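Before any comments, here is the structure.
As the structure is a prediction and not an experimental result, all values here were calculated from the model.
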Number of protein chains: 2
Amino acid sequence: MYKDLDPLLHSQLRLAIISLLMVHEEVDFNQIKDITNATSGNISVQIKKLQDAGYIDVIKSFKNNYQNTSLRITNKGIKAFEDYVENLKQYIKPAK
Amino acid sequence: MYKDLDPLLHSQLRLAIISLLMVHEEVDFNQIKDITNATSGNISVQIKKLQDAGYIDVIKSFKNNYQNTSLRITNKGIKAFEDYVENLKQYIKPAK
DNA sequence: TAAATTAGTTTATAATATAAACAAAATTTT
DNA sequence: AAAATTTTGTTTATATTATAAACTAATTTA
């Protein structure tokens with residue numbers, strides 16, 4: 001009945017990051033910081049976890065002389081998100 | 001934009017328990033064990049947390065000579081669940 | 001050129017989920 | 001009827017996780 005929820009996505013900050021990436025083609029570090037109000041350290045750690053899982057691609061470049069870290073969701077990430085939402089529905093839309 | 005998710009509900013097992021209680025007037029310890037496949041210890045701890053938060057009432061009685069622990073959701077619990085779901089929607093239904 | 005800002009990483013800590021070990025009463029087995 | 005087993009949980013220990021503090025390195029400003 002209640003399927004397991006992917007622990008990588010069942011985390012407020014990582015879910016917010018993935019959610020942003022489902023809507024915007026590409027999102028960078030500072031946008032995430034502004035929108036989520038999380039600390040840089042926290043964001044950095046969660047990005048690495050999502051990257052290690054193959055859920056996102058991390059693109060490092062330079063923008064007006066500063067380093068820039070940009071993210072894109074992968075197909076694997078999209079699938080994981082969709083599965084997560086599908087499973088989650090069983091919890092939040094309880095039907096008799 | 002992304003509102004904080006109540007940490008008490010953003011936990012797979014506690015969410016499953018609350019979800020069950022949103023559907024069934026009263027649910028007992030063993031039903032939770034059967035449905036969730038969680039260990040007794042885990043369930044016991046999570047029940048206490050939900051009780052401490054005032055989200056559920058815990059009714060201890062005897063049923064055919066054995067102790068029986070039964071749960072009911074409180075109004076506060078219902079409100080918390082509804083708020084949680086409302087906030088969660090922003091994460092899982094990302095709109096441009 | 002010293003101080004401040006930008007952009008992020010690494011490391012430490014605090015909280016949390018989870019299971020293992022334990023307890024107490026009831027039942028079954030020998 | 002004593003010993004072993006089952007039922008119904010609780011307490012305690014451990015492993016994982018989320019999060020922030022401390023740090024690094026480059027750039028810009030005073």
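Spacing between atom CD of Q46(A) and atom C1' of dT9(C) amounts to 13 Å, rounded to whole angstrom units. Rounded to whole angstrom, the span from the CD atom of Q31(A) across to the P atom of dG8(C) amounts to 11 Å. Rounded to whole Å, atom C1' of dA18(D) lies 14 Å from atom CG of L15(A). What separates OH of Y66(B) from P of dT10(D) is a distance of 16 Å, to the nearest Å. Here dA7(C) presents its P atom at 12 Å from CD1 of I43(A), a figure rounded to the nearest Å. For the pair N42(A) CG and dA14(C) C1', the computed distance is 13 Å after rounding to whole Å. Nucleotide dG8(C) holds its P atom 5 Å from the CD atom of Q67(A), rounded to whole Å. With rounding to whole Å, D52(A) atom CG is found 12 Å from dT10(C) atom P.
Distance from the side chain of S40(B) is smallest to dG9(D) among dT10(C), dG9(D), dT18(C). Nearest nucleotide to the side chain of V45(A), out of dT10(C), dT18(C), dG9(D): dT10(C). Side-chain proximity of T39(A) to dT12(D), dA20(D), dA17(C): nearest is dA20(D).
Contact annotation: N65(A) reaches the phosphate of dT28(D) (side-chain N/O to OP1 or OP2, under 4.0 Å). An OP1 or OP2 oxygen of dG9(D) is reached within less than 4.0 angstrom by no side-chain nitrogen or oxygen of K48(B). OP1 and OP2 of dA7(C) both lie 4.0 Å or more from every side-chain N or O belonging to N68(A). Between R14(A) and dA18(D) there is a side-chain N or O to OP1 or OP2 distance below 4.0 Å. Side-chain nitrogen and oxygen atoms of S11(B) include at least one within less than 4.0 Å of the OP1 or OP2 phosphate oxygen of dA17(C).
When all heavy atoms of D6(B) and Y55(B) are compared, the pair lying nearest together is OD2-OH, 2.6 Å.
If you check every strand for non-hydrogen atoms under 4.0 Å, T69(A) touches sugar and phosphate atoms only. Contacts of Q12(B) with the nucleic acid, taken as non-hydrogen atoms under 4.0 Å apart, are absent. Residue K33(A) is classed as having no contact, given no heavy-atom separation below 4.0 Å to the nucleic acid. If you check every strand for non-hydrogen atoms under 4.0 Å, K60(A) touches sugar and phosphate atoms only.
Residues Q90(B) and K3(B) form a side-chain contact, since some pair of their non-hydrogen atoms from C-beta on lies under 4.5 Å apart. In this structure the side chain of D83(A) reaches within 4.5 angstrom of the side chain of K79(A), judged on heavy atoms. Inter-residue side-chain proximity for L50(A) and L8(A) is flagged as met; some heavy-atom pair is nearer than 4.5 Å.
The main-chain N or O of P7(B) is found under 3.5 Å from a side-chain atom of R14(B) such that the two form a donor-acceptor pair.
If you chain together hydrophobic residues whose side chains sit under 4.5 Å apart, L88(A) and L5(B) fall into the same group.
Nearest-nucleotide positions on DNA chain D for F62(A) and P7(A) put P7(A) closer to the 5' end.
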